[in-house]
Amino acid sequence: MKQDMILILDLGSEENPKIAREIRALGVYTEINAHDITATELAALPNVKGIILNGGPNRVVDGVEIDASEAVYDSGLPILSVDHKGSEAWPIDDEERKEVLNQFVFDECKAEANWNMENFINDQVELIRRQVGDKKVLLALSGGVDSSVVAALLIKAIGKQLTCVHVNHGLLRKGEPEQVVEVFRNQMDANLVYVDAVDRFLDKLEGVEEPEQKRKIIGAEFIRVFEEEARKLEGIKFLAQGTIYPDIIESGTKTVKAVKSHHNVGGLPEDLDFELVEPLKMLFKDEVRACGVALGLPDDMVYRQPFPGPGLGVRCLGAITRDRLEAVRESDAILREEFAAAGLEGQVWQYFTAVPEFKSVGVRDNVRTYDWPAIIRAVNTVDAMTAEVADIPFSVLQKITARITAEVKGINRVLFDLTPKPTGTIEWE
Ligand code: XMP
């Protein structure tokens with residue numbers, strides 16, 4: 001293992017991820033750990049150069065003020081105590097805080113700035129090979145950022161010992177299943193099982209109007225299809241997952257209750273007893289993207305906007321029909337093309353179209369039409385808890401409207417959703 005590490009111990013701070021990010025920005029690897037880390041756990045962490053006792057407002061747990069274990073104080077490692085047992089808090093000013101970190105990390109701990117993607121990838125390849133040996137690994141490859149990067153990393157580490165299963169549930173964006181096949185089977189020569197489950201999902205969803213019911217059906221059916229594929233394969237010992245660091249942090253620490261419960265692949269039956277391989281579990285999202293780029297994945301796969309698990313299923317509002325789902329897919333593709341052409345890709349956090357069930361009267365070539373509207377949603381947000389409507393140039397919206405009404409079957413109007421969150425959620429369902 002090549003990388004030096006600074007250990008952050010959570011002594012009740014609300015800023016553990018922020019400090020972790022700032023240390024990684026200095027080029028030094030860091031991990032957040034619970035305050036009561038044992039001597040054995042500490043000894044198992046490679047290349048620890050120093051420890052930050054990161055205190056803060058959540059310092060009292062079950063009525064007791066917490067402290068680090070004896071092992072930490074006995075380790076002989078340099079310790080920086082912040083907002084803990086009377087020590088000062090972090091300087092609020094960014095530059096001053098950076099100076100404090102710089103001084104501790106480089107002058108006191110003598111850490112080397114050797115945290116970079118090349119070293120990370122080399123270390124992970126070695127760790128994956130050590131964990132997996134000559135056994136086989138299974139991965140549900142959706143084509144989203146996290147599962148794609150896990151796939152690329154595992155292909156590099158163990159090649160054909162990995163089997164990727166891509167379930168096309170018919171609710172993916174235009175071109176996505178084809179891209180998964182092109183990148184992973186054709187370019188990276190991976191073992192890829194492509195499952196065309198479109199009819200199966202759409203049949204199950206027929207006539208179902210209620211959004212949460214739709215989500216449940218899509219989620220449950222996904223697990224069922226994946227499980228069936230897993231049973232067809234012989235001798236799989238490991239399941240790879242695209243868990244990333246925010247998933248782990250958001251699942252809660254010993255001082256902070258969970259922000260949200262998290263499960264990436266929930267609900268596989270107990271008798272499918274896999275060990276987990278989670279090589280990205282210590283990376284923040286932008287680091288996952290950098291890792292993907294370093295592994296040679298295409299930019300549009302690595303920098304894609306967030307896309308909900310139930311996919312276009314929650315954008316084909318109400319009961320899904322095949323023709324209206326096609327209208328969602330085609331209008332979304334045009335929207336993405338025109339946003340890219342206008343230089344808005346990467347500038348707007350999330351943008352898509354939704355198509356409701358109702359129709360309105362229009363006219364085309366002097367003939368009356370009775371068709372659906374396409375609704376454009378384009379929002380900016382930091383954490384998706386609140387969102388504001390993106391300011392899209394009117395000329396871009398006019399161009400998109402002209403194209404959608406001309407090219408997409410069944411659409412005769414285009415609407416722009418002006419509602420921030422709250423009161424609207426980002427998705428319509
Ligand atoms: P809302 O609509 O709740 O969306 O404002 C916030 C963010 O979450 C995404 N989203 C989902 N992601 N499964 C997901 O994986 C879901 O069921 C789901 N619903 C919403 C949404 O796209 C937005 O980025």
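Counting starts at 1 for both ligands and their atoms, following the listed order. Note that the structure is predicted; figures quoted are calculated from it, not measured.
A side-chain donor-acceptor contact under 3.5 Å links W90 and N54. One side chain, N168 or Y194, offers a donor N or O that lies under 3.5 Å from an acceptor on the other.
The side chain of W349, and not its backbone, has at least one atom closer than 4.0 Å to an atom of ligand 1 (non-hydrogen atoms only; side chain from C-beta on).
Compare K214, E429, Q305, E427 by their heavy atoms: the one nearest to atom 2 (O) of ligand 1 is in E427.
Atom numbering of ligand 1 starts at 1 in the shown order; those under 4.0 Å from a heavy atom of R215 are 16 (C), 17 (O), 18 (C), 19 (N), 20 (C). Near K421, the atoms of ligand 1 lying under 4.0 angstrom from a non-hydrogen atom of the residue are 1 (P), 3 (O), 5 (O).
Every N/O-N/O distance between R315 and ligand 1 stays at or above 3.5 Å. Between F307 and ligand 1, a contact under 3.5 Å exists for no N or O pair. For ligand 1, none of its N or O atoms has an N or O atom of P310 under 3.5 Å away. Between Q350 and ligand 1, a contact under 3.5 Å exists for at least one N or O pair.
When hydrogens are left out, the protein atom nearest atom 15 (O) of ligand 1 is G309 N, 3.0 Å; that is the closest non-hydrogen contact. Looking only at heavy atoms of the protein, atom 7 (C) of ligand 1 is closest to A384 CB, 4.0 Å. Here the heavy atom of the protein found nearest to atom 4 (O) of ligand 1 is I426 CB, 3.9 Å. The nearest protein atom to atom 10 (N) of ligand 1, hydrogens excluded, is given as P308 CB, 3.8 Å; this is a heavy-atom distance.
Judged by the 6.0 Å and 45° rule, R377 forms no cation-pi pair with Y351. Both cation-pi conditions hold for R173 and F307: the charged atom is under 6.0 angstrom from the six-membered ring centre and inside a 45 degree cone around its axis.
At distances below 3.5 Å, at least one donor-acceptor pair connects side-chain atoms of D247 with backbone N or O atoms of I244.
The only member of N16, T30, D286 that meets side-chain hydrogen bond (donor to acceptor under 3.5 Å, both in side chains) when paired with R21 is D286.
Contact check for L171 versus R329: no side-chain heavy atoms found under the 4.5 Å cut-off.
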key: Step-by-step salt bridge (charged side-chain N to carboxylate O under 4.0 Å, His left out) determination, R224 to E221   = CA-CA 5 Å; R224 214 163 294 143; E221 196 60 16; 2.9 Å; yes
